[in-house]
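Okay, so here's the structure we're looking at.
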Amino acid sequence: MPKFYELSREDRIAQLLADARLSQAAATHLLANEPLPEATAAHLTENQIGQFPLPLGVVHHLQVNGVSREVAIAGEEPSVVAAASNGARMANLGGGVTGVAPDMHVVDAEIVFANAPEVATVVQAHRLQIFTVAESAHPSIVRRGGGLKAIHTDTTGQFTKIILSVDVQEAMGANIVNTIAEAVAAYLEATTGLRRLFAILSNYSEQTTRAEVTIPHAALATKQATGAHIAAQIALASQFAQLDVSRATTNNKGIMNGVSGAAIALGNDYRALEAGVYAFAASTGTYQPLSTWENSEGQLHGVIELPIQVGTVGGAIGALPLAKVSQQLAQITCVREEQEVLASLGLVQNLAALRALVGPGIQSGHMALAAGSLAISAGAKGSEVTVLTAQLQGKKQSLALAKTLLAQIRQQGEDK
Ligand code: NDP
């Protein structure tokens, strides 16, 4: 029986449908490959002149908290889905990934004042009114069980800020929080004479989602090396990343390859997500890897911790039909689950990258998969892409070589 990656696109969708990972409507939508409706596209950006399709791949069977999930990734880098699928395969041999998201989904806003040391006292005096103003600014989030939960102040040099911590429930929350922050700022200006510098949410968060996995050595073995050797090398590479910012940066980029691509597929604001994640990596004052790996007693143990500011509703999610399909594929029913799936994806992505790095290196796998893009860049069309991609395997790839091979393929076609 062919493996999932060996199937045609249509057969993959048929399999996902047969396995009840997709509804009939979602399968039909995927098969149709339809662009966004014009009205949607026109309203999601100013000055719209077209659409920009990216391929949507799926990480097959990533087990998170005991549930096997299909995690869709939108992106242009050919090796991302392949590596994450490989990482998922190894993680599943260890029983899958366990993820734990924060109990409450909180986003902070900052109302900043310059040269106003009285802000803390003013906030103390107006505390109850601030809660009332916040509720009137966004009553529906309060009805949903969320809304303003805490108020703090903080002074740095000449600046004092009021920090409003808002429970945004299932939303990513930027608009909700900005609405509340501006209403509270306007109230304070009107009643106290204070003048704010600005009021906006912060994309920084120390509310992290944690995921971990324990993998038996046997699952890590490569053609050239034992699993025990690979595990020891991965643990060493992890230690190095904690000491070396150059490596930590690349480690974290690799983690975000999958996480950002999945956030896009889920219709989320990946810029907000990335801003928070990379800032958190430097939260101790020294830029650190988001993941750590330790090797002991025949097992490799990996942990990832990162803030994941996303939502299952709001923003553009409702306007992008594929975002709902991605939620369905990953069996995401709430924002906590979404955060746990994304953190777990980052961890297995990192595992696959590290195993390749300390083993055969990443270039062989990357170049094998990149050959398809190169073939298309050289001008291959239709079935030529498959033939040229196959011919490029194992060769020192370049655009010039791809063009030469393509010319030969076409010449042979004419000679027949
Ligand atoms: P929305 O403004 O769309 O707010 C989410 C809405 O979803 C709520 O107003 C709520 O409306 C509705 N909703 C339905 N069900 C729920 C639920 N269970 N829990 C919570 N809300 C629910 O989006 P966000 O506030 O999430 O903001 C995200 C957007 O903001 C993204 O598009 C992002 O790009 C953008 N943005 C990001 C910034 C940043 O990151 N720095 C800055 C500014 C904007 P109702 O209750 O009335 O049904």
Side-chain angles (χ1 to χ4, degrees), residues 36 39-48 52 54 74 101-112 133-149 161-186 196-209 256 259-281 306-324 326-328 331-340 342:
L36 290 173
T40 305
H43 285 93
L44 285 180
T45 184
E46 286 294 298
N47 298 344
Q48 190 233 348
F52 192 94
L54 281 174
D103 287 336
M104 202 191 279
H105 186 205
V106 172
V107 175
D108 285 349
E110 302 179 314
I111 309 174
V112 178
V133 169
E135 179 165 352
S136 335
H138 212 302
S140 66
I141 196 66
V142 178
R143 281 197 298 276
R144 292 181 188 283
L148 179 61
K149 295 294 171 190
K161 64 179 179 181
I162 304 171
I163 303 154
L164 305 176
S165 299
V166 180
D167 177 347
V168 293
Q169 297 279 301
E170 285 295 308
M172 177 269 187
N175 288 327
I176 295 173
V177 171
N178 286 343
T179 302
I180 293 173
E182 291 193 354
V184 171
R196 69 169 178 210
L197 189 57
F198 58 82
I200 190 169
L201 89 152
S202 170
N203 288 112
Y204 184 75
S205 173
E206 291 188 359
Q207 282 218 317
T208 53
T209 298
M256 295 309 287
V259 177
S260 296
I264 295 171
L266 289 160
N268 268 279
D269 181 339
Y270 65 95
R271 288 91 50 210
L273 171 64
E274 289 183 345
V277 166
Y278 292 133
F280 176 75
L306 69 177
I308 299 193
Q309 289 294 340
V310 292
T312 59
V313 295
I317 295 166
L320 298 171
L322 284 177
K324 286 285 167 201
S326 299
Q327 285 184 4
Q328 191 182 105
Q331 302 191 57
I332 288 170
T333 58
C334 64
V335 74
R336 289 195 71 208
E337 212 166 10
E338 186 170 40
Q339 292 167 321
E340 287 159 359
L342 290 174

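Both ligands and their constituent atoms are indexed starting at 1 by order of listing.
- Counting protein heavy atoms under 4.0 angstrom from atom 12 (C) of ligand 1 gives zero.
- For atom 24 (P) of ligand 1, the nearest non-hydrogen atom from the set G276, G173, G314 belongs to G173.
- Ranked by closest heavy atom to atom 37 (C) of ligand 1, the top entry among G145, S140, C334, A174 is A174.
- Taking all heavy atoms of A316, G267, G315 into account, the minimum distance to atom 23 (O) of ligand 1 is reached by G315.
- Residue R144 holds the heavy atom nearest to atom 14 (C) of ligand 1 of all those in R144, E170, H105.
- Between the CD1 atom in I176 and the CD1 atom in I141 there is a gap of 4.0 Å [rounded to 0.5 Å].
- The nearest non-hydrogen atom to atom 30 (O) of ligand 1, considering only L273, N203, N175, comes from N175.
- When each atom of ligand 1 is checked for a heavy atom of M172 under 4.0 Å away, the hits are 26 (O), 28 (C), 40 (O).
- Residue contacts with ligand 1 for I200 are absent, since no atom lies close enough (heavy atoms, distance under 4.0 Å).
- Nearest residue to atom 42 (C) of ligand 1 from I176, I141, L201, V313 is L201 (criterion: closest heavy atom).
- Those atoms of ligand 1 with a heavy atom of V168 less than 4.0 angstrom away are 19 (N), 20 (C).
- Counting atoms of ligand 1 from 1 in the listed order, those under 4.0 Å from a heavy atom of Q169 are 19 (N), 20 (C).
- Contacts with ligand 1 closer than 4.0 Å are made by side-chain heavy atoms of H138 only, the backbone lying farther away.
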